[in-house]
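One structure is given here, and the rest of the page talks about it.
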Amino acid sequence: MKKQGLAILGSTGSIGVQTLDIVRENPDLFEVVTLTANRNWELLARQAMEFDADSVVIADERLYPQLKEALSDTDIKVYAGEKAISDITANSNVDTVVNALVGYAGMMPTVRAIENGKKVALANKESLVVGGDIIMKMALERRVPILPVDSEHSAIFQCLIGEQSPLRRLIITCSGGAFRDLPREALKDMTAEQALKHPQWTMGAKITIDSATLVNKGFEVIEAHWLFGVDADRISVIIHPQSIVHSLVEFEDGALKAQLGTPDMHMPISFALMFPHRASRPSERFSFADHPTLTFREVDRVKYPALDIAYDCLRRGGTAACTMNGANEVAVGAFLNHKCGYTDIVRTIEHTLGKATFIASPTLDDYALCNAEARNTARNFLGI
Ligand code: NDP
């Protein structure tokens with residue numbers, strides 16, 4: 001059987017490294033064609049040699065010489081620059097593009113992967129938050145599958161397999177992030193280091209901060225809307241601190257279907273790569289004794305205003321969510337660099353949305369302009 005050729009965009013990040021674990025476990029199924037990183041050229045070079053990649057791309061062009069030198073004894077092709085990441089998806093040996101990039105930088109590679117007719121295993125939720133309208137239409141027209149890697153969306157996808165009747169609503173579970181047990185008043189003093197201690201998942205820095213503000217959950221609502229064609233009013237979010245129920249679907253007869261498992265991204269990653277088959281992971285045995293209690297509670301919408309802001313952006317459509325995303329990326333970067341406080345993240349988003357140009361039916365160029373405008377406004381607001 002021909003191996004599935006993979007382009008893993010963002011191979012040096014949390015999702016990228018776990019994707020390579022799946023490849024390592026299944027050498028007969030996958031072949032690594034290309035790997036990319038932003039700056040971590042040392043790890044990228046090691047990965048490329050271990051998996052005998054055809055090519056690598058480093059987004060930061062200044063690091064090209066180091067990467068080229070590190071791979072000089074091999075025949076691995078070395079490219080640099082953000083555009084090269086999108087271009088590499090055209091490689092004829094690539095069957096599947098795993099988009100594990102973080103932020104707006106992931107959107108054009110998703111677009112190009114679809115244009116090039118490649119199956120997309122999508123972790124980069126920002127692609128759909130910003131350009132879900134265009135991306136889903138394009139994928140439908142070109143009959144390109146987009147398979148969710150996000151655990152909540154993978155759970156919903158798994159619950160929907162085989163169902164023919166309409167659903168009543170999607171219920172997205174939410175761990176509550178690092179500050180879920182703190183009172184509202186304590187949030188303003190929280191530091192980046194505290195926000196980075198996620199109770200359940202080990203992830204990249206940006207998504208961990210987004211989990212603490214619930215921006216991530218708001219983005220997941222938008223992502224679910226585009227992936228499953230369900231309106232905002234029929235998507236609920238519920239806090240589930242144990243992160244065992246990964247999400248649920250409620251049907252019109254009142255039946256609820258859920259997908260459960262230990263919090264481990266290897267499962268949704270492998271499902272996206274192997275669908276309609278499943279990976280054989282003998283080590284995976286769920287222990288009910290270790291998880292005797294599963295609890296659920298409503299989200300405190302005052303403590304977490306970002307969730308309703310995201311719902312509002314989804315209902316407004318157009319460039320609203322693109323603006324929210326751009327402002328959030330700048331504010332999260334500032335928070336991680338100790339240039340602003342935790343509560344400034346949502347303040348920046350609100351301020352930027354209030355100032356932004358709104359385009360109801362944007363093109364890809366409009367998104368680029370809107371993203372740049374949001375970043376500028378956010379930077380000015382934060383004085384950075
Ligand atoms: P990480 O920050 O761990 O990794 C991001 C990857 O993208 C790295 O390889 C990084 O390279 C690269 N990268 C960062 N910025 C750029 C850029 N401007 N241009 C090109 N490459 C870039 O992120 P995660 O793996 O945590 O998240 C990736 C995506 O998956 C996000 O959209 C996130 O929301 C989503 N996701 C993540 C989950 C998780 O468990 N981590 C769960 C569900 C969804 P370098 O290493 O050189 O910086």
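Order of appearance sets the numbers: ligands from 1, and atoms from 1 within every ligand. It should be emphasised that the depicted structure is a prediction, and the values quoted were computed from it without experimental measurement. Nothing fancy with the numbering, it's 1 onward along the sequence.
In this structure, Lys125 has a heavy atom closer than 4.0 Å to ligand 1. Using a 4.0 Å cutoff on heavy atoms, Gly16 does not count as a contact of ligand 1.
Taken to the nearest 0.5 Å, the NE2 atom of His351 stands 8.5 Å off from the OG1 atom of Thr348. In this structure, the separation between OH on Tyr304 and CG on Leu187 is 6.5 Å, given to the nearest 0.5 Å.
More than 12 heavy atoms of other residues, nucleotides or ligands shown are found within 6.0 angstrom of NZ on Lys257. Within a 6.0 Å radius of CD in Glu69, other residues, nucleotides and ligands contribute 12 heavy atoms or fewer.
Pairing each heavy atom of Ala192 with each of His338, the nearest pair is CB-CE1, 4.3 Å.
Looking at Glu126 next to ligand 1, an N or O pair under 3.5 Å apart turns up. Considering backbone and side-chain atoms together, Gly204 places an N or O closer than 3.5 Å to an N or O of ligand 1. Polar contact check, Glu82 against ligand 1: a nitrogen or oxygen pair lies under 3.5 Å apart.
Of all the heavy atoms of Ala59, the ones lying under 4.0 Å from any atom of ligand 1 belong exclusively to the side chain. Both the backbone and the side chain of Leu101 come within contact range of ligand 1, each with a heavy atom under 4.0 Å. Residue-level proximity to ligand 1 for Asn216 is absent, since no heavy atom of it falls below 4.0 angstrom.
The nearest non-hydrogen atom to atom 47 (O) of ligand 1, considering only Arg39, Lys206, His153, Gln18, comes from Arg39. Considering only non-hydrogen atoms, atom 41 (N) of ligand 1 lies nearest to Ser14 out of Gly13, Ser14, Ser151.
Between Arg315 and Asp312 there is no salt bridge, since no side-chain nitrogen of the basic residue lies less than 4.0 Å from a carboxylate oxygen of the acidic one. The pair Glu350-Arg347 fails the salt-bridge criterion, with no side-chain N (NZ, NE, NH1 or NH2) lying under 4.0 Å from an Asp/Glu carboxylate O. Salt bridge present: Lys125 and Glu220 bring a charged side-chain N and a carboxylate O closer than 4.0 Å.
Atom 44 (C) of ligand 1 has its closest protein heavy atom at Asp150 OD1, 3.2 Å. Annotation: atom 40 (O) of ligand 1 to nearest protein heavy atom, Met203 CG, 3.2 Å.
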